[in-house]
J.: 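Just dropping this structure here.
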Amino acid sequence: MASTPSSTLLSPLYESNTFCNFTSLQKLSFPLNNKLLHSKSVTLTTTHVSLQEQSDISNPTNSRKTASSSKSSYIWVNPKSPKASQLRQKSYDCRYVSLVKMAESLDSCNPVEEDVINVLADLGDKVVEQDAVVILNNMSNAETALLVLKYFQQRLKLSKEVIIYNVTLKVLRKSKDLDRAEKLFDEMLQRGVKPDNVTFSTIISCARQCNLPEKAIEWFEKLPSFGCEPDDVTYSVMIDSYGKAGNVDMALNLYDRARTEKWRIDAVTFATLIRIYGAAGNFDGCLNVYEEMKALGVRPNMAVYNSLLDAMGRAKRPWQAKNIYADMLSNGFQPSWGTYASLIRAYGRARYSEDALKIYREMKEKGLELSVVLYNTLLAMCADVGLTDEAVNIFEEMKASGTCQPDSWTYSSLITINSCSGKVSEAEATLNDMMEAGFDPNIFVLTSLIQCYGKAGRTDDVVRTFDRLSDLGLSPDERFTGCLLNVLTQTPKEDLHKLTICLEKANPKLGYVVKLLVDEEAVEEGIFKKHAAELLDCVTTDVRKAYCNCLIDICVNLNQLERACELLDIGLTLNIYADIQSRTATQWSLQLKSLSLGAALTALHIWMNDLNKALENGEEFPSLLGINTGHGKHKYSEKGLAGVFESHLKELNAPFHEAPDKAGWFLTTKVAATSWLESRRAQEVVAA
DNA sequence: CTAGGGTTAG
């Protein structure tokens with residue numbers, strides 16, 4: 001027996017050896033398939049198995065001959081029994097494994113004919129077409145694969161040459177080499193090999209994977225000119241390609257066409273459709289496809305579940321992800337890595353922290369490796385909801401895993417956590433770690449630091465951090481500027497001018513509006529409101545409320561109540577705030593959820609004025625009046641709006657009391673409210 | 001795993 005590693009591997013396939021003699025097997029009269037004749041099970045090394053019919057066992061000489069040489073026990077197996085098919089399977093597995101090993105050697109050998117021939121020489125003479133297919137199918141090196149193809153073409157009589165071309169095209173697709181794939185296609189034609197649907201679907205998906213969806217479409221369109229009718233798989237690939245090209249309509253058209261042409265649309269295609277809808281942001285579309293699929297009696301597979309979960313994560317619908325996951329489990333599917341990843345993303349982004357952490361622990365228990373993206377998702381979630389200890393824990397486990405390195409996202413979340421919990425020196429230390437790991441501070445980090453220093457009252461450090469942004473060649477975004485604006489709400493009056501200079505640089509319109517406030521500049525009536533409205537109108541909707549809240553807070557701090565009211569009014573006009581005041585027959589309410597303290601106080605002020613007006617007009621109060629501050633305690637501070645508001649209401653002598661059964665609600669009765677407002681009015685008269 | 005689709009993202 002040859003001793004080189006590759007020939008040792010191949011020997012069970014093509015050489016007779018002490019444990020099994022092919023010649024003796026071949027003499028047997030019952031039909032053995034070709035695969036078996038070329039193979040020998042590895043299990044034969046300890047237990048000898050024969051696939052003879054029962055009558056053959058009467059010939060002890062023949063069987064003992066081999067058995068004695070191996071000194072192993074002899075077991076007879078009926079060829080039609082499950083055991084025989086298991087054995088056949090094992091033999092095949094063994095041969096398959098060897099061919100895969102050869103594919104690996106071919107991948108790593110020099111892309112020159114001589115070396116490729118050397119590796120392939122170990123196959124011996126009894127090469128069959130299927131061996132060639134298996135080898136190429138398991139290769140990934142485009143250059144050597146083309147040489148392997150050539151080798152087999154020269155040496156084998158290929159009855160189905162298109163297959164060997166198709167598997168080679170797969171190799172080219174693996175290396176995303178559309179150029180070579182197209183060249184190979186031309187070569188096929190020159191040799192008179194007729195391409196089929198497999199050929200086209202492989203080239204089309206190659207183009208798709210090369211991010212050349214328009215090329216994919218081109219190939220799809222030339223398919224009929226080669227006498228091919230697209231089938232279900234080709235449709236599926238094309239649906240995906242159109243989706244990738246952003247051509248959702250064409251993708252759906254094709255789906256309709258496939259449906260009318262009565263192709264059986266299988267789960268993979270449905271998964272593709274769900275992915276397309278998900279990528280297009282049409283999340284109800286995803287769910288509709290899922291329903292349609294079930295209605296057509298197609299059983300969902302993992303791809304369907306995973307793409308649905310992914311879509312529900314993008315949609316920020318964690319509850320739907322939860323339902324789908326439950327469906328999946330009840331249908332007997334085991335979550336895959338992708339399932340867990342989608343769930344962590346869905347729960348993490350939606351701040352379902354307990355659910356996300358549960359999945360995290362489950363992954364750990366199963367020994368699944370998390371990627372840096374997943375760790376970062378968890379850490380960002382912890383930062384969002386203020387799970388400081390949990391974040392530290394996860395970070396430690398991430399480092400201990402040894403499989404992934406923290407990146408700038410990781411550090412960014414950690415700095416955010418430290419910043420939000422007011423740990424200035426820890427935040428600075430983490431920033432140093434980040435830089436030592438080779439990452440420049442990014443805008444997220446600087447945003448956090450500005451918050452951090454602002455909270456600590458270190459105005460000069462805020463300014464320094466602000467300047468660092470442009471030093472790094474970055475320009476402020478709306479969030480960064482918003483955080484800076486938020487710092488102004490916590491800064492003593494005498495320091496404000498330092499920050500307005502920064503604001504003017506970051507956003508001149510905002511700088512101007514704030515300057516009007518800070519300088520307490522008297523301007524013509526309506527000017528402030530006009531500029532503030534213009535400003536809020538042109539910032540993105542997702543920061544509008546934050547900007548408006550901050551501006552109102554600054555007004556309240558500087559005792560400019562009139563401007564605070566103007567801002568609140570703008571907020572209502574621009575729909576930044578909605579339904580602050582509401583009235584039903586039984587209760588009048590003030591809705592303060594998601595308002596900053598200043599905005600809430602301003603809204604209360606306006607409400608009290610409106611209640612007074614109602615009293616003056618002789619309107620009847622309902623039996624109950626209520627203020628809802630929301631019960632959510634702020635994640636990084638002990639007191640939420642409710643806590644702060646309660647003491648403020650006391651100061652005003654207001655008869656509102658927190659409802660024991662409705663967290664975040666302060667209620668009073670018609671009588672108490674009326675007498676309170678009337679006594680205030682009396683006091684005002686006295687004061688005047 | 002056995003000639004074609006999907007599967008790891010912020």
Side-chain angles (χ1 to χ4, degrees), chain A residues 35 88-89 92-101 103 128-139 149 158 160-171 173 181 195-206 208-209 216 219 223 228 230-241 243-244 258 263 265-276 278-279 300-311 313-314 335-346 348-349 368-381 404 407-410 412-413 444:
Chain A
K35 283 177 192 172
R88 230 171 270 131
Q89 185 61 47
Y92 186 78
D93 285 352
C94 177
R95 169 169 163 278
Y96 185 79
V97 166
S98 309
L99 292 173
V100 169
K101 297 267 182 193
V128 292
E129 194 168 349
Q130 204 196 349
D131 298 332
V133 171
V134 171
I135 288 174
L136 277 164
N137 195 41
N138 283 285
M139 285 188 66
L149 170 69
L158 298 164
K160 284 173 275 178
E161 198 168 353
V162 64
I163 295 179
I164 204 165
Y165 270 112
N166 288 344
V167 281
T168 311
L169 284 169
K170 270 176 77 179
V171 182
R173 186 185 57 192
D196 59 11
N197 258 309
V198 179
T199 317
F200 284 106
S201 60
T202 309
I203 296 177
I204 291 168
S205 68
C206 177
R208 207 223 70 167
Q209 281 179 28
W219 274 96
L223 196 138
C228 285
D231 64 10
D232 51 349
V233 175
T234 309
Y235 274 131
S236 177
V237 179
M238 263 326 288
I239 288 172
D240 200 15
S241 298
K244 189 96 176 176
W263 284 107
I265 300 155
D266 66 8
V268 178
T269 307
F270 282 111
T272 302
L273 284 164
I274 292 168
R275 260 186 309 111
I276 290 172
N301 64 4
M302 284 300 285
V304 168
Y305 285 119
N306 288 350
S307 33
L308 268 175
L309 291 172
D310 186 65
R314 282 175 208 272
S336 67
W337 193 94
T339 314
Y340 286 130
S342 294
L343 286 173
I344 285 189
R345 206 160 74 117
R349 285 184 52 179
L368 289 171
E369 267 176 23
L370 276 85
S371 66
V372 67
V373 176
L374 285 184
Y375 275 115
N376 288 347
T377 306
L378 288 165
L379 290 171
M381 175 195 77
C404 61
D407 65 7
S408 60
W409 294 69
T410 318
S412 179
S413 290
F444 304 107

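Order of the sequence lines fixes the chain letters, A, B, ..., with proteins taken first and strands second; residue numbering starts at 1 for each chain.
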J.: Looking across every strand, which nucleic acid part, if any, lies under 4.0 Å from A/S342 by heavy atom: base, sugar-phosphate, or nothing?
T.: nothing

J.: Mind checking if A/D196 touches a base, just sugar-phosphate, or nothing, with heavy atoms under 4.0 Å?
T.: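 Base: the residue A/D196, judged by heavy atoms under 4.0 Å, touches a nucleobase.
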
J.: Nearest whole Å is fine: how far is B/dA3 P from A/N166 CG?
T.: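 One finds 11 Å between P of B/dA3 and CG of A/N166, rounded.
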
J.: Side chains of A/N166 and A/D196: do they bring a donor and an acceptor to under 3.5 Å?
T.: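 Present: a donor and an acceptor within the cut-off.
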
J.: Using a heavy-atom cut-off of 4.0 Å across all strands, would you classify A/N197 as base, sugar-phosphate, or nothing?
T.: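 Base contact.
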
J.: Do A/S371 and B/dA9 share a donor-acceptor pair, side chain to base, under 3.5 Å?
T.: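 Looking at the base of B/dA9, it does pair with a donor or acceptor on the side chain of A/S371 (distance under 3.5 Å).
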
J.: List for me each residue that meets ring pair (Phe, Tyr, Trp, His ring centres under 6.0 Å) alongside A/F200, sequence neighbours excluded, and say none if there are none.
T.: A/F185, A/F226

J.: If I take atom CD1 in residue A/I135 and atom P in nucleotide B/dT2, what distance separates them, rounded to the nearest angstrom?
T.: 15 Å

J.: Could you grab the distance from atom OG of A/S241 to atom CD1 of A/I276, nearest 0.5 Å is fine?
T.: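 Answer for the OG-CD1 pair, A/S241 versus A/I276, is 8.5 Å.
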
J.: Between atom CG in A/D407 and atom P in B/dG10, what is the gap in whole Å?
T.: 13 Å

J.: Compute whether any side-chain donor of one residue and acceptor of the other, for A/D310 and A/S307, lie under 3.5 angstrom apart.
T.: no

J.: Identify which nucleotide among B/dG6, B/dG4, B/dG10 has an atom closest to any side-chain atom of A/V373, counting heavy atoms from C-beta outward.
T.: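 Nearest to the side chain of A/V373 among the choices is B/dG10.
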
J.: Report which part of the nucleic acid A/N376 touches: base, sugar-phosphate, or nothing (heavy-atom distance under 4.0 Å, all strands).
T.: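 Base, at least one base heavy atom under 4.0 Å.
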
J.: Picking from B/dA3, B/dG10, B/dG5, which would you name as closest to the side chain of A/N137?
T.: B/dA3

J.: Could you state the atom-to-atom distance from CG of A/L158 to C1' of B/dA3 in whole Å?
T.: 13 Å

J.: We want to know whether A/T339 and A/S342 form a side-chain donor-acceptor pair, criterion being a heavy-atom distance below 3.5 angstrom.
T.: no

J.: Hey, is the side chain of A/T272 pairing donor to acceptor with the base of B/dG5 inside 3.5 Å?
T.: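 By the distance-only test, no, there is no pair.
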
J.: Given B/dG4, B/dG6, B/dA9, identify the nucleotide with an atom nearest to the side chain of A/W337.
T.: B/dA9

J.: Could you list the residues that satisfy side-chain contact (heavy atoms from CB on, under 4.5 Å) with A/V100, not counting sequence neighbours?
T.: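 Expected list: A/Y96, A/E104, A/N138.
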
J.: Looking across every strand, which nucleic acid part, if any, lies under 4.0 Å from A/D266 by heavy atom: base, sugar-phosphate, or nothing?
T.: base

J.: Need one value for A/R275: base, sugar-phosphate or nothing, where a base atom within 4.0 Å counts as base even if backbone is also close, heavy atoms only.
T.: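 Touches sugar-phosphate only.
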
J.: Nearest whole angstrom, please: distance from the C1' of B/dA3 to the CG of A/N138.
T.: 12 Å

J.: Any donor-acceptor pair under 3.5 Å joining the side chain of A/T202 to the base of B/dG4?
T.: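 Such a pair does not exist between side chain and base.
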
J.: Rounding to a whole Å, what distance do you find between A/K170:NZ and B/dG6:C1'?
T.: 13 Å

J.: Does B/dG10 have its OP1 or OP2 closer than 4.0 Å to a side-chain nitrogen or oxygen of A/R349?
T.: no

J.: Just call it for A/V268: base, sugar-phosphate, or nothing, with non-hydrogen atoms closer than 4.0 Å on any strand.
T.: base

J.: Under 4.0 Å between any heavy atoms, over every strand shown, what does A/T199 touch: base, sugar-phosphate, or nothing? Just pick one.
T.: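 If one applies the 4.0 Å heavy-atom cut-off, A/T199 turns out to touch nothing in the nucleic acid.
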
J.: What does A/K160 touch in the nucleic acid at a heavy-atom separation under 4.0 angstrom: a base, only the sugar-phosphate, or nothing?
T.: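 Nothing, no nucleic acid heavy atom in range.
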
J.: Provide, to the nearest angstrom, the distance between the NZ atom belonging to A/K244 and the P atom belonging to B/dG5.
T.: 15 Å

J.: For a quick test of reading the model, state the closest non-hydrogen atom pair linking A/R275 to A/D240 and the distance between them.
T.: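 Of all heavy-atom pairs spanning A/R275 and A/D240, the closest is NH1-OD1, 3.3 Å.
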
J.: So, is A/R95 near the phosphate of B/dT2, with a side-chain N or O under 4.0 Å from OP1 or OP2?
T.: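 So the side-chain polar atoms of A/R95 never come under 4.0 Å of the phosphate oxygens OP1 or OP2 of B/dT2.
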
J.: Need one value for A/A341: base, sugar-phosphate or nothing, where a base atom within 4.0 Å counts as base even if backbone is also close, heavy atoms only.
T.: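 A/A341: base contact, heavy atoms under 4.0 Å.
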
J.: Base, sugar-phosphate or nothing for A/D231? Non-hydrogen atoms, less than 4.0 Å.
T.: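 A/D231: base contact, heavy atoms under 4.0 Å.
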
J.: Could you give the distance separating B/dG6 and B/dT2 at their P atoms, to the nearest angstrom?
T.: 14 Å

J.: Any base atoms under 4.0 Å from A/V167, or only sugar-phosphate, or nothing? Heavy atoms, all strands.
T.: sugar-phosphate

J.: Let's test your reading of the model: under 3.5 Å, does the base of B/dG4 pair with the side chain of A/T234 as donor and acceptor?
T.: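 Such a pair is found, so the answer is yes.
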
J.: Let me know the distance between CG of A/D240 and C1' of B/dT7, rounded to the nearest Å.
T.: 12 Å

